Amino acid sequence: MKILVPVKRVIDYNVKVRVKPDQSGVELANVKMAMNPFDEIAVEQALRIKEAGGAEEIVLVSIGPAQSQETIRTGLAMGADRGIYIEAGQDVEPLAVAKLLKAVVDKEAPGLVLCGKQAIDGDCNQTGQMLSALLGWSQGTFASGIEIAGDTAKIIREVDGGLEHISISMPCVVTVDLRLNEPRYASLPNIMKAKKKPIDALDAADLGVDTAPRLTLVKVEEPEARQAGIKVASVTELVDKLKNEAKVI
Amino acid sequence: MSILVIVEHDNQAVNVATLNTIAAAKEIGGDLHLLVAGENCGSVASAAAALDGAGKVLCADSAEYGHNLAENLAPLVSGIAGDYSHILAPATTFGKNVMPRIAALCDVPQISDIIEVIDSDTFKRPIYAGNALATVKSGDDLKIITVRSTAFEAVADTGGSAAIDALSSGGDKGLSSYDKSELSSSERPELTSANIVVSGGRGMQDGANFTMLESVADKLGAAVGASRAAVDAGFVPNDYQVGQTGKVVAPELYLAVGISGAIQHLAGMKDSKVIVAINKDEEAPIFQVADYGLVADLFDAVPEFDKEI
Ligand SMILES: Cc1cc2nc3c(=O)[nH]c(=O)nc-3n(C[C@H](O)[C@H](O)[C@H](O)COP(=O)(O)OP(=O)(O)OC[C@H]3O[C@@H](n4cnc5c(N)ncnc54)[C@H](O)[C@@H]3O)c2cc1C
């Protein structure tokens, strides 16, 4: 089986983002970028499946500006086998990304697509489900457990009430949640090896996908800041404030 | 213009997040239809018909809808999407799972997690863990939207008297099946709709220490939440996680105990009315959003707080 893992280059999760003064978006210049943390978990899971003998090849695909190839390189250094890069702007909408991924799946015929459950920039939480719909495949979202046996995958899902266990038919799209695994760090030898692994470029237009946005971004603004509060000196003062000032208990 | 709201339920009762979603639908304006798809869900359809603003209830009662499997539910909804200008569902794990599948089947983009309706085409939604708010406008005839429940006041669950129409089922697609659930059972209020939330972080050191917070929560009628670090460490189950990638809460009072206040955690609670932080590190970022901050060791402060309330 081949596993396809889409990876996105996003602002590093530790960076406090700033809105541009002209409200056209957030500041991306000179900001630390990294692989979307959920995608790292997806890459890690693919590696574990391969290491356990459940897959022969792991292919990464990234869609975005040229530097997205560095994100692919990061995943190759973790141990993935090769990459596919599709040039596009930073803000391709999830539906267009799903269509591009579908075109890649049609070419590559993987048995499993492992996605992060959401990208921490747009916070959309859409791409994996959309891809699954376009392919007519089954979906296992927000996975904290994946077990593949023959033509079925048993998925443990993190849902609002706790955990849900489902069985889905292969091939499938699985979107991964935080508790699935802890991604490895790339070792120095693997970083060196990754430099020689191939990254093929594909063109969105050749794939027949229109990546023009369907939604108009009217503006991006800062949320209202919270008023600074006070420090209380003791538990007694805290209880008094909550009872008599805030009147919430 | 007709709007369809997909009712979230467990075949027994309507999930409250649906009531917030209906509130958003009412702001958009138009004839409101409610879809109840489930198995032996007649009582849910009746309850939905009584919801404030309900114009019509569509009920698809069949085994393949019993467990909200997206592969079965999405084609049912996309099949009737032509009748609607907007299809809404709560931005819960239910809505997040099924709505993008519907959107893709309808070939329209989805607008996730809206917090404001500007007009019938234009919506505001948080991006980057709520550190920026994007206003987006759709040019499509159909809008597929998930709604952040804390941003809209729930409608009443009475006052409506809608007709219930049966919707024929689309059959089991045979792609997926439900095995079982491990649901956290609790007598406490549901996290996302509780008036008071008491949350613990890595500073709690261990799951057993959460009994301190549970005792406070029970006195205040509060729900118990947690940071990701506390969930990852196994102190509490996953459904306790508050934050960018967990649950979003906005109670009257949020008590953060032994939580540092990472961006990802703040994303899930910074719209709470009053925030209290108890942390022994006076530099902890949580104090920047706290209305009342207490610099103290939680193992002294929490038992004392418990006694004094
Ligand atoms: C992709 C991604 C998604 C994420 N999603 C979420 C999310 O949804 N929700 C979330 O919460 N986090 C999320 N995180 C994690 C987040 O970045 C932080 O790591 C996490 O919130 C930290 O949890 P914490 O505050 O409990 O732990 P820490 O940051 O370790 O803080 C513990 C605090 O406890 C205090 N403390 C320790 N002992 C005591 C004591 N005895 N008395 C008083 N205070 C004490 C310390 O001073 C410290 O401030 C996410 C991270 C990533 C990368």
Side-chain angles (χ1 to χ4, degrees), chain A residues 11 13 16-17 19 26 93-95 98 117-118 120-126 129-130 132-134 137-139 141-142 144 154 158-169 178-179 214-223 226 228-232 235-236 238-239 241-242 246 248-249, chain B residues 70-71 74 92-93 96-97 100-101 103-105 109-113 122 126-140 175-184 220 228 232 237-239 244-245 252-253 263-264 270 274 276 289-295 301 304-305 308-309:
Chain A
I11 292 188
Y13 80 97
K16 167 106 177 70
V17 304
V19 171
V26 305
E93 289 171 1
L95 183 59
K117 80 162 175 180
Q118 79 191 64
I120 59 165
D121 50 2
D123 283 335
C124 284
N125 196 329
Q126 300 174 3
Q129 297 89 314
M130 287 180 160
S132 175
L134 296 177
W137 288 7
S138 60
Q139 67 183 49
T141 54
F142 327 141
S144 66
K154 288 198 171 295
E158 293 204 355
V159 294
D160 289 336
L163 297 173
E164 182 183 86
H165 297 241
I166 58 170
S167 297
I168 60 179
S169 62
L178 295 169
R179 253 72 60 182
R214 299 265 294 267
L215 298 170
T216 311
L217 184 62
V218 179
K219 65 173 173 184
V220 175
E221 62 201 313
E222 301 250 4
R226 272 189 90 91
I230 59 160
K231 290 250 170 69
V232 292
V235 169
T236 308
L238 176 62
V239 172
K241 292 280 188 205
L242 292 178
V248 285
I249 62 171
Chain B
E71 295 83 350
T92 52
T93 50
K96 289 172 179 172
N97 182 48
R101 197 167 177 104
L105 293 179
Q110 173 178 314
I111 305 174
S112 293
D113 219 11
T122 318
I127 54 175
Y128 291 95
N131 287 302
L133 304 176
T135 301
V136 294
K137 188 175 163 72
S138 159
D140 285 288
L175 290 169
S176 52
S177 59
Y178 166 87
D179 297 330
K180 64 174 180 185
S181 295
E182 295 170 63
L183 300 183
S184 311
L220 298 175
R228 173 190 173 181
D232 283 3
N238 64 281
D239 50 299
Q244 178 188 15
T245 63
E252 293 290 305
L253 172 62
I263 298 170
Q264 292 82 12
K270 71 179 159 58
V274 174
V276 169
V289 299
D291 298 281
Y292 302 109
L294 178 64
V295 180
E304 204 182 324
F305 185 79
E308 292 199 22
I309 50 176

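Side chains included, hydrogens not; waters and symmetry mates left out as well; all remaining heavy atoms used. A quick note: this is a predicted structure, and the numbers were derived from the prediction, not measured. Chain identifiers are assigned alphabetically (A, B, ...) following the order of the sequence lines, protein sequences preceding nucleic acid strands; residue numbering begins at 1 within each chain.
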Top of A:Lys117, A:Arg226, A:Gln129 for chain B proximity - count of heavy-atom pairs under 4.5 angstrom: A:Arg226

Closest contact, heavy atoms only, A:Ser138 versus B:Arg101: C-NH1, 4.4 Å

Donor-acceptor contact below 3.5 Å, side chain A:Asp121 vs main chain B:Tyr128: no

Under 4.5 Å from any heavy atom of chain B - which part of A:Leu215: both

Selection from B:Asp140, B:Ile309, B:Val295, B:Leu220 maximising heavy-atom pairs under 4.5 Å formed with chain A: B:Asp140

Which atom of B:Gln264 lies closest to which atom of A:Tyr13, heavy atoms considered: NE2-O, 3.0 Å

Per-residue contact mode, A:Ala246 against chain B (heavy atom under 4.5 angstrom): both

Contacting moiety of A:Lys154, where chain B heavy atoms sit under 4.5 Å: side chain

Chain B contact via A:Leu163 - which portion, at a heavy-atom distance below 4.5 Å: both

A:Val248, part contacting chain B, at a heavy-atom distance under 4.5 Å: both

Heavy-atom proximity to chain A below 4.5 Å, by part of B:Leu133: both

Point-to-point distance, once rounded to the nearest 0.5 Å, from OH of B:Tyr178 to NE2 of A:His165: 9.0 Å

Best-contacting candidate, B:Pro237, B:Pro109, B:Pro100, against chain A by heavy atom pairs under 4.5 angstrom: B:Pro100

Heavy-atom proximity to chain A below 4.5 Å, by part of B:Ala301: both

Student check: side-chain heavy atoms of A:Asp123 and B:Gln244 closer than 4.5 Å: yes

Side-chain heavy-atom pair B:Asn131, A:Val17 within 4.5 angstrom cut-off: yes

Pairwise distance CZ(A:Arg179) to CZ(B:Arg228) - rounded to 0.5 angstrom: 6.5 Å

Exam field: side chain A:Ser169 to backbone B:Leu175, donor-acceptor pair closer than 3.5 Å: yes

Separation between CD1 of A:Ile249 and CD of B:Glu308, rounded to the nearest 0.5 Å: 10.0 Å

Chain B contact via A:Gln118 - which portion, at a heavy-atom distance below 4.5 Å: side chain

Heavy-atom side-chain contact between B:Leu253 and A:Leu242 under 4.5 Å: yes

Polar contact flag, side-chain donor to acceptor under 3.5 angstrom, B:Asn97-A:Gln139: yes

For chain A, the option from B:Ser138, B:Ala70, B:Ala132 that forms the most heavy-atom pairs under 4.5 Å: B:Ala132

Residue A:Glu93 versus chain B: region with a heavy atom under 4.5 Å: side chain

Minimal non-hydrogen separation, B:Asp179 against A:Ser167, with atom names: OD2-OG, 2.6 Å

Note, B:Gln110 side chain near A:Met130 side chain (heavy atom, < 4.5 Å): yes

Best-contacting candidate, B:Thr245, B:Leu183, B:Ile127, B:Thr135, against chain A by heavy atom pairs under 4.5 angstrom: B:Thr135

Chain B contact via A:Ser144 - side chain, backbone, both or neither, heavy atoms under 4.5 Å: neither

Contact leader toward chain B among A:Val218, A:Val239, A:Ile166, A:Val235, where contacts are heavy-atom pairs under 4.5 Å: A:Val235

Under 3.5 Å: donor-acceptor pair, side chain of B:Glu71, backbone of A:Trp137: no

Under 4.5 Å from a heavy atom of chain B, the part of A:Pro94 involved: neither

Largest heavy-atom contact set with chain B, pairs under 4.5 Å, which of A:Ser132, A:Pro223, A:Ala98, A:Gly229: A:Pro223

B:Thr93 versus A:Glu158, closest heavy-atom pair with distance: CG2-O, 3.8 Å

Options A:Leu134, A:Leu217, A:Ile11, A:Ile120, ranked by heavy-atom pairs under 4.5 Å with chain B, top entry: A:Ile120

Proximal component of A:Arg214, with respect to chain B [non-hydrogen, under 4.5 Å]: both

When A:Asp160, A:Leu95, A:Val19 are compared by non-hydrogen pairs under 4.5 Å with chain B, the top option: A:Asp160

Verdict with supporting geometry, A:Thr216 and B:Val136, side chain to side chain contact (heavy atoms under 4.5 Å, CB included): CA-CA 6 Å; A:Thr216 311; B:Val136 294; over 6 Å; no

A:Val159 versus chain B, the contacting section by heavy-atom distance below 4.5 Å: both

Residues A:Lys241 and B:Asp291 bridged, charged N to O under 4.0 Å: no

